[in-house]
Structure formats: structure tokens, C-alpha cells
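All values derive from a computational prediction rather than experimental measurement. Both ligands and their constituent atoms are indexed starting at 1 by order of listing. Worth knowing before you read on, the calculation uses all heavy atoms, side chains too, and leaves out hydrogens, waters and symmetry mates.
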Amino acid sequence: MATARIVVSPEEPIATINPNIQGHFAEHLGGCIYDGIWVGEDSPIPNDGGIRTDVVQALRRLSPPVLRWPGGCFADDYHWRDGIGPREGRPRRVNLWWGEALESNAFGTHEFIRFCRLIGAQPYICGNVGSGSPAELRNWVEYCNFPGDSTLAMERGANGSPEPFGVKYWGVGNENWGCGGSFCPEDYGAEYKRFATYLPGFGDTELYLIACGPSGNNPDWTRRFFDKLGQGRRRRIHGFAAHYYCRTAGTATEYTVDQWYELLHRALLMEPLVIQQRAVLDGYDPDRQIGLIVDEWGTWHPPAPGRHPRHLWQQNTLRDALVAAMTLDIFQRHADKVVMANIAQTINVLQAMVLTDGPRMITTPTYHVYDMYQTHQGGQGVRARFEADEIAFPLAGEEARLPGLSGSASIKDGVMTLTVVNAHATAAIEADVFVRQAEWRGGSVVTLTDDDIHAHNTFETPEAVTPAEARSEANGAQFRHTFPPASVTAFRLRLA
Ligand code: AHR
């Protein structure tokens, strides 16, 4: 068995891990909103005013910090007034991007805010730049946030919510280099300034405005956007959001060992993205006032047989769980740079937390990773070094390499959370774990793994992949642990 070393250094703090790094994203796409969240008050599926209760209960358990909505591509073709007022009077529209599905608008702003409150997440609304106007977006903000007696605020009250929603996070468009208007960075920069001018905030809620960043690690978009934006008092931007998806190797459930490595290798490309985008941003924002965000990320597999190809439904295996864990570890290792990240998407779409089938619901291996990583939220990120043999595998005719072990560490309320991924498909790795200048007194260890690297949960076997928990009797400043192949492990150690 390969041996390795993990050294955690509490004396090397990184930054507080922003809980929003474990954020989520739900779009009007396939079965995410309709069936996934909204079933309607008359549904036989148990619901709270139309919102399914099983999904609420499952998501609540993850302490989701923030939820982005209504898209995605859908956002730049969405007109918020379609989704307010009596439901029976709301217009039916064609969902342009996602299979021309008929959009009933039954789930609109009030339903979204209620869902966020039920699961305990802060709302993050993505506005329409591509086919909308600054007036439409500023009116949406006023409708949501203004506490006084303006016509829009009173309309909100008449629609059942006299108290302002207090929505802080607002996206100024989505993928504006593509479905959000096909802008070049300069034109988007000009549009961004125009929209942001009319978003000063209404009432007590200070707005956090998020600009559309590049697709993947494209420094050219970032530089040209910021060149256009310029400096000065009128520059209003708080977050800058890149998107990065791990396109599949094989299919969601069928892949070779090399394809297992290939997808994990793609997941690790998030790290250079974070480092390089932050470096470019630093040139325009040396005081780091602007947060780096990745508001869409995750695995993207080919359409599942028998499913509508534009509904992006996919299964979720142990491989997806490792992608989630490795990516969260990257964000946490860069807690000084990344302030928010939103995995795509919450229910029934891409790398989902839960899958539904009529009245049935299952949680995915990715869900379990989010559960295991919860205690990192708001912790003090600290440096951890992982010394293990690299894994070599063939990629496009050359030899590529992956770290055998990777992970991240944080400390909160006297408890250290250490998360570790063993990416090796077949080999266990035994490691000596040291904590410098600190000792611990027991704790717990949770592991997510399976003998089969393709393992996943189905409606018939909903608990095929679930974490196993054990007590850790480890005391002192050092212990030895065997990490099974293809595993995610989370330690929670009480510091002495
Ligand atoms: O998450 C699915 C789609 O991927 C989103 O609508 C879009 O923003 C991205 O291209």
C-alpha cells in the first residue's frame, strides 16, 4: 500500500471560508423548478403551498447558504412581471433555451423567496441584460426591496408580501458572451455600467452586484471587461463570476478507469482558473474589493438515454462526488480569493443534489459531499500539505498526472475539519496525519466510497452510496489513517 503524509498548519491561516462557497443554483430548465421544487398546491405530492416538502427537508439539512435563480440562460429571456400576481393570470411563455418547454410562470419571485426561506438560503437573483432593460431590472430590485409606499412596493404587498424581501445578491446578466446577448467584453462592459447605474439599492439592503465573467479561464474577457469598466467613483461592482464545467469523459455512469482520471483531472483545472483570474483581477482591484465568484460549475455528461436532451438530466456517481469534493477543496484552499460558488444545478439538472421521480426523491453522492463539507462553512481556512505519490494516466496520447491525495482544512469553534480525497481508482493510501503546534482529543471520521467506481443511487437503491461514520479515537498531534481507493473522507477533530 502506498504511504503518504498530510501536514495541517493551523499557524498558517488562509482566510475565513465564506459559507457562500457551498452555494447552489436552480434554473427554469428541465425538472429543476417544475417537479423538482414546484408541484403546485393541488398536487398529491406532499407540499407546503406548492413547494415539495421532501426536497425542502433534504436541502435544509445541507445548510445551503445561497441559491442563484432564475438562470442561467433562462435569466436573459425572463421578464419578472410574468411571475407575480395571481397564478392563474400569469402568461405562458416558451422556454427558448431549454427544449421550448412551456413556462407557466407558476414559480416566480414570491415562490422563489419562499423556497429560499424554507431551505434557509439567501436569494441571489440573476437579472436580464440580454433582452431586458435597466428599467426592468431596477424595477425588480425596487419591487423586492423597497420598504416604503411606492407603487411597486405596494404591489408586492398586495401580492402577499408587505415586508421587503431584502435581496442582496443581484447578477447583472448571465453568460453575456453567449446566451446573455452575444456581447464582446467591451460591449458588455458598457452595458454593465449602464445597468449598474440604476441599481443604487432601495431601502436598507445594500446590493451586491455581480458581473458576468468568462467562460472557463479566459483572461482576455476579464481584461477587456475591466478596461472598459474603468476606475473611479462610479464603478459599481462587487463580484465577478466565471463559469466552468467539467465536460464528460465517457458517460455519466459508464467510464473506464482512465476516464475516471480524465474527469478528475478536468476538475482540477478549477485551481489555475481561480489563481489566474484572481491575478488578472488584482491588476484592476489591488485592494481586493471585488469578490471572485464561480456561479456555475459542475460535471456535464451526455444526455441520458430516454430523456429530453435539452433537459440536462444526468445520473450522479461516486466520480461526480469526487469532482465535487476536489472542487470544494480548491475553493477552500483559496478562501482568500473565492467568495461564492454555485454548483449547477440543485435538482434534476446536471450535477444535482437530489433527483425526483414523481413522488419519489433520492439524494446523490454529490449531496453527501456537501453534507460532509458543511462544517467548513465559516471556518478559518488553514494551510494543509498533502504528500502522496501522483497518479499517472494516459490523456490524449500523453502521460498526465493527478495528485494521489488532495484536500483542505479549516478550524471553527475548536474543531478542525480536514477533508481528504483519494483519487486513486484502485489503491488505498495510508497516510500519517500531523497537525503542527496543536493536539486533538478524539472526534469523528466520515467516509464516502464504494468498491465500484460507477456506484450511484437509484430510486430502487437510494442508499447505495452513503457515507459511513466512525468515531476517531486519535489523540495527540499525529495519527495514521488508511484512505480507501476512490474515496472522500471528512475528519472532525476536537482541538485540545
Ligand atoms: O447550467 C446550464 C446552463 O449552462 C446555464 O443555463 C448556462 O448559463 C450555462 O451555459
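- Numbered from 1 in the order shown, with element, the atoms of ligand 1 that lie under 4.0 Å from a heavy atom of N174 read 8 (O).
- In this structure, a donor-acceptor pair under 3.5 Å is absent between the side chains of W221 and S215.
- Closest protein heavy atom to atom 10 (O) of ligand 1: E175 OE1, 2.7 Å.
- Considering backbone and side-chain atoms together, W300 places no N or O closer than 3.5 Å to any N or O of ligand 1.
- Within the listing of ligand 1, atoms 5 (C), 6 (O), 7 (C), 8 (O) sit less than 4.0 angstrom from a heavy atom of C73.
- Atoms of ligand 1 found under 4.0 Å from any heavy atom of F25 (numbered from 1 in listed order, with element): 1 (O).
- Close approach to G72 involves these atoms of ligand 1, each under 4.0 Å from a residue heavy atom: 5 (C), 6 (O), 8 (O).
- Between the side chains of S406 and D329, no donor N or O sits under 3.5 Å from an acceptor N or O.
- Checking H376 against S410 by side-chain atom types alone, a donor-acceptor pair falls below 3.5 Å.
- Ring geometry for Y78 against W140 counts as tilted: the plane angle lies between 30° and 60°, on a 0 to 90° scale.
- Side chains of N20 and Y169: a donor on one and an acceptor on the other come within 3.5 Å.
- A salt bridge is defined here as a Lys NZ or Arg NE, NH1 or NH2 lying under 4.0 Å from an Asp or Glu carboxylate O, and E191 with R194 meets this definition.
- Looking at D320 and T299, their side chains do bring a donor and an acceptor atom within 3.5 Å of each other.
- The shortest separation from a heavy atom of W98 to ligand 1 is under 4.0 Å, placing the residue in contact.
- Under the 4.0 angstrom criterion for non-hydrogen atoms, Y245 is in contact with ligand 1.
- Counted by atom type alone, D295 and H243 present one or more donor-acceptor pairs between their side chains at under 3.5 Å.
- No N or O atom of L350 sits closer than 3.5 Å to an N or O atom of ligand 1.
- Ligand 1 places these atoms under 4.0 Å from at least one heavy atom of Q345: 1 (O), 2 (C).
- For atom 7 (C) of ligand 1, the candidate residues are E296, Q351, H243; the nearest heavy-atom contact is made by E296.
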